[in-house]
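Report on the structure given below.
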Amino acid sequence: MTDVPIKIENIVSSASIGKEIELNEVSKALEDVRFNKEQFPGLVFKLKDPKTAALIFSSGKLVCTGAKSIKDSKIAINKTVDLMRTIDKDIPKKFDITIQNIVASANLEATLNLEAVAIELENTEYEPEQFPGLVYRLEDPKVVLLLFGSGKVVCTGAKTKDDAKLGVERAYDRLMQLELL
Amino acid sequence: MVDMGPEWRAFDHEQRDKRTRVGAPITYTIHDKGLSTMIDWRNKDIYGRDIPARNRAQWYRLRKWQRKIRISGATERNLAFALSELDRDSSRLGLPRSVREAASVVYRSAVDNKLIRGRSIEGVVAASLYAACRRCSVPRTLDEIAEVSRVTKKEVGRTYRFLARELDIKLPPTSPVDYVPRFSSELGLPGEVQSRAIEIIDQAMEKGLTSGRGPTGVAAAALYIASVLLGVRKTQRDVAEIAGVTEVTIRNRYKELTEELDMGGSLLSGL
DNA sequence: GCTTTAAAAAGTAAATT
DNA sequence: AATTTACTTTCAAAAGC
């Protein structure tokens with residue numbers, strides 16, 4: 001398997017503190033908060049470090065986006081929950097954090113003729129009128145890749161860093177065997 | 001998945017045959033016309049008398065039949081609506097009858113395979129028309145389709161992808177070449193310019209200068225360059241207007257094409 | 001399906017300067 | 001015409017319409 005380095009660009013994770021929270025109180029207690037129940041049921045909270053955004057729901061579940069590493073994503077959630085604890089002292093210290101999606105970028109170091117790729121490669125969608133990237137859906141690992149004429153690639157949908165890297169490498173090898181690279 | 005035939009999969013290099021068509025061809029004959037007798041919802045006959053218990057089984061079967069008839073009646077009304085919608089969109093876009101018919105084939109196929117569920121008739125009609133235009137090499141952009149139909153660009157695109165996947169329609173990416181005749185005639189340019197523009201596009205494609213670029217922008221720039229080379233220059237503004245792109249896009253494509261295909265000298269002599 | 005969040009890729013667009 | 005800002009595509013989760 002050809003080694004292709006990838007860079008993690010964004011991580012989405014979720015967690016549940018196991019008990020309900022009064023969002024109106026959270027919005028008063030925290031800075032950088034936006035909350036419009038009519039618009040969206042979740043409260044939006046922006047954390048400086050790690051630079052992330054969290055969505056907090058009244059059910060006690062939350063979503064964290066924007067982290068550049070799995071560690072940062074977990075740190076961000078823990079910091080956010082720590083702040084929530086100033087409102088409710090009974091929020092548990094321990095809870096599960098699930099990585100839901102990893103977005104990574106990579107460079108195949110060669111230009112691609114997307115018209116040819118669209119015709120030869122399976123499971124692709126290429127509509128340059130709408131978007132310059134070609135969408136390539138991989139079944140194993142189950143990820144979606146965006147291939148560009150420059151050879152740059154975006155991989156999304158992975159749950160682990162290994163799957164993101166494996167997805168890019170499988171795409172690279174497939175393009176190689178079809179002589180598209 | 002349903003197979004609409006090889007002509008809709010012109011670029012499917014693998015598995016193009018041995019697939020069996022699903023279901024029988026359906027003709028949209030109005031088969032309940034003249035059926036005025038209703039089967040009552042209650043267990044009464046047309047005179048209001050109770051139906052004998054031993055005949056009820058048969059009665060239920062009749063009601064079941066009528067339910068089917070009612071549904072097919074609605075299906076036909078929907079088809080009539082869809083076809084009128086298709087006619088309206090097609091005429092607004094100035095499309096030939098052949099394209100409209102190709103679109104109706106796609107639409108009927110979508111209906112036959114129950115792909116309308118959860119989707120608006122207008123959306124499926126618009127997407128069918130978008131596909132037919134491409135298939136017939138007289139492409140209309142999603143914006144143009146959205147303009148004449150009452151569907152957003154996003155929905156036309158989404159529905160098109162859905163139909164393409166479900167009906168196994170595999171069309172190659174729209175070539176800038178297919179936009180040349182239309183833009184050219186709308187600009188009142190002679191045939192020689194068209195030929196020259198197509199040559200430029202062919203060269204551009206071979207050098208990978210079209211990957212990721214909008215087909216209309218490439219076609220517009222090629223036409224602009226060709227018009228200059230043949231001494232019948234149109235302004236970038238006019239070309240941009242007809243092609244539905246900005247002058248900035250034409251300039252960007254122009255710069256790239258002239259540099260990569262080294263046409264700088266020729267263009268200078270053309271001026 | 002939509003609403004909200006974040007991020008990259010590259011093309012196109014629109015508003016400023 | 002150069003800058004800046006912004007929208008197109010992909011993904012997942014959250015609660016509710």
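Per chain, numbering begins at 1; letters A, B, ... match sequence-line order.
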Expressed as a whole number of angstroms, how long is the span from [X]:[atom1] to [N]:[atom2]?
{"X": "A/Leu112", "N": "C/dA9", "atom1": "CG", "atom2": "C1'", "answer": "12 Å"}
{"X": "A/Ile8", "N": "C/dA9", "atom1": "CD1", "atom2": "C1'", "answer": "17 Å"}
{"X": "B/Gln236", "N": "C/dT12", "atom1": "CD", "atom2": "C1'", "answer": "16 Å"}
{"X": "A/Asn107", "N": "C/dA9", "atom1": "CG", "atom2": "P", "answer": "10 Å"}
{"X": "A/Lys142", "N": "D/dT10", "atom1": "NZ", "atom2": "P", "answer": "13 Å"}
{"X": "A/Phe131", "N": "D/dC7", "atom1": "CZ", "atom2": "P", "answer": "15 Å"}
{"X": "B/Arg253", "N": "C/dA13", "atom1": "CZ", "atom2": "P", "answer": "10 Å"}
{"X": "A/Glu129", "N": "C/dG11", "atom1": "CD", "atom2": "C1'", "answer": "12 Å"}

For [X], report the nucleic acid contact type (base, sugar-phosphate, nothing); a contact means any heavy atom under 4.0 Å.
{"X": "B/Arg158", "value": "sugar-phosphate"}
{"X": "A/Val154", "value": "base"}
{"X": "A/Lys7", "value": "nothing"}
{"X": "B/Gly244", "value": "sugar-phosphate"}

Legend entry - CZ on B/Phe183 to CD on B/Glu241, rounded to 0.5 Å: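 It comes to 11.5 Å.
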Inset, instruction - Output the distance between atom NZ (A/Lys94) and atom CG (A/Asn78), rounded to the nearest 0.5 Å. - result: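 Interatomic distance, A/Lys94 NZ to A/Asn78 CG, rounded to 0.5 Å: 9.0 Å.
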Smallest separation among heavy atoms of [X] and [Y], with atom names:
{"X": "B/Val180", "Y": "B/Ala219", "value": "CG2-CB, 4.4 Å"}
{"X": "A/Pro92", "Y": "A/Arg85", "value": "O-NH1, 2.7 Å"}
{"X": "B/Ala103", "Y": "B/Ser128", "value": "O-CB, 3.6 Å"}
{"X": "B/Leu167", "Y": "B/Ser109", "value": "CD2-OG, 3.5 Å"}

Could you check which residues of [range] get a heavy atom under 4.0 Å from DNA chain C? Sort them by number, please.
{"range": "residues 200-221 of chain B", "result": "B/Gly212, B/Arg213, B/Gly214"}
{"range": "residues 146-153 of chain A", "result": "A/Leu146, A/Phe148, A/Ser150, A/Lys152"}
{"range": "residues 163-181 of chain A", "result": "none"}

Legend entry - Residue met sooner reading DNA chain D from 5', once A/Lys159 and A/Gln130 are mapped to nucleotides: A/Gln130
Legend entry - Pair B/Asp168-B/Lys170, salt bridge (Lys or Arg N to Asp or Glu O under 4.0 Å): steps then yes or no: CA-CA 6 Å; B/Asp168 196 23; B/Lys170 291 178 181 172; 3.8 Å; yes
Using the [atom1] atoms only, state how far [M] lies from [N], rounded to an integer number of Å.
{"N": "C/dT12", "M": "D/dT9", "atom1": "C1'", "answer": "14 Å"}
{"N": "D/dA6", "M": "C/dT4", "atom1": "P", "answer": "15 Å"}
{"N": "D/dT5", "M": "C/dA6", "atom1": "P", "answer": "16 Å"}
{"N": "C/dC2", "M": "D/dT8", "atom1": "P", "answer": "12 Å"}

Legend entry - Student check: side-chain heavy atoms of B/Val193 and B/Pro190 closer than 4.5 Å: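 B/Val193 vs B/Pro190: side chains touch.
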Inset, instruction - Answer whether the closest heavy-atom distance between the side chains of A/Glu125 and B/Arg165 falls below 4.5 Å. - result: yes
Legend entry - Strand-adjacent residues in residues 70-100 of chain A, judged by heavy atoms under 4.0 Å from DNA chain D: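 Contacts with DNA chain D under 4.0 Å: A/Gln100.
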Legend entry - Each stem that DNA chain C is part of, given as range with range (3 or more consecutive Watson-Crick or G-U pairs, under 3.5 Å): C:1-5 with D:13-17, C:10-17 with D:1-8
Inset, instruction - Provide the full list of ring-ring contact (aromatic ring centres under 6.0 Å, His included) pairs with a residue in residues 202-240 of chain B, sequence neighbours left out, each pair given once. - result: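 Matches after skipping sequence neighbours: B/Tyr224-B/Tyr254.
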Inset, instruction - Going by the salt bridge (Lys or Arg N to Asp or Glu O under 4.0 Å) test, name the single residue among B/Arg161, B/Lys153, B/Arg134, B/Arg158 that passes it with A/Glu127. - result: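 Among B/Arg161, B/Lys153, B/Arg134, B/Arg158, the one meeting salt bridge (Lys or Arg N to Asp or Glu O under 4.0 Å) with A/Glu127 is B/Arg134.
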Can you list everything that forms a side-chain contact (heavy atoms from CB on, under 4.5 Å) with [X]? Sequence neighbours excluded, please.
{"X": "A/Ser59", "answer": "A/Phe57, A/Lys61"}
{"X": "A/Thr52", "answer": "A/Leu47, A/Pro50, A/Cys64, A/Ala67, A/Ala76"}
{"X": "A/Ile70", "answer": "A/Ile11, A/Lys74, A/Ile99, A/Ile102"}

Strictly under 3.5 Å: I want the nitrogen or oxygen pairs between protein and nucleotides 14-17 of chain C, one per line.
none

Legend entry - Cation-pi, B/Tyr130 ring and B/Arg140 (6.0 angstrom, 45 degrees): no
Which pairs, protein N/O on one side and nucleotides 14-17 of chain D N/O on the other, fall under 3.5 Å?
residue : atom : partner : partner atom : Å
D/dA15  : OP1  : A/Ser59 : OG           : 2.6

Legend entry - B/Thr249 side chain near C/dA13 phosphate (N/O to OP1/OP2, under 4.0 Å):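 Indeed, a polar side-chain atom of B/Thr249 lies that close.
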Legend entry - Under-4.0 Å side-chain N/O to phosphate OP1/OP2 contact, B/Arg161 with D/dT10: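 The answer is yes; a side-chain N or O of B/Arg161 sits under 4.0 Å from OP1 or OP2.
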Inset, instruction - Give the C-alpha distance, both sets of side-chain angles, the deciding distance and a yes or no for salt bridge (Lys or Arg N to Asp or Glu O under 4.0 Å) between B/Arg251 and B/Glu247. - result: CA-CA 6 Å; B/Arg251 266 173 235 132; B/Glu247 295 172 64; 3.4 Å; yes
Inset, instruction - Would you sort out whether A/Lys165 and A/Glu169 count as a salt bridge (Lys or Arg N to Asp or Glu O under 4.0 Å), showing the intermediate values? - result: CA-CA 6 Å; A/Lys165 183 169 169 57; A/Glu169 293 175 340; 2.9 Å; yes
Legend entry - Check ion pair B/Arg150-B/Glu85 (N to O, under 4.0 angstrom):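 The answer is yes: the pair qualifies as a salt bridge.
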Inset, instruction - Give every residue pair that meets the side chain to side chain donor-acceptor pair (under 3.5 Å) criterion with at least one member in residues 95-107 of chain A, sequence neighbours excluded. - result: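 The answer is A/Glu9-A/Ser105, A/Ser14-A/Gln100, A/Asn101-A/Thr156.
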Inset, instruction - Verify the neighbour count for atom NZ of A/Lys19: are there more than 12 heavy atoms of other residues, nucleotides or ligands below 6.0 Å? - result: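 Above 12, so yes.
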Legend entry - Residue pair A/Arg174, A/Glu122: steps toward the salt bridge (Lys or Arg N to Asp or Glu O under 4.0 Å) verdict: CA-CA 10 Å; A/Arg174 185 82 183 108; A/Glu122 66 286 349; 3.0 Å; yes
Legend entry - Sole candidate of B/Val156, B/Thr174, B/Thr216 that passes side-chain contact (heavy atoms from CB on, under 4.5 Å) when paired with B/Thr141: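 Of B/Val156, B/Thr174, B/Thr216, side-chain contact (heavy atoms from CB on, under 4.5 Å) with B/Thr141 is met by B/Thr216 alone.
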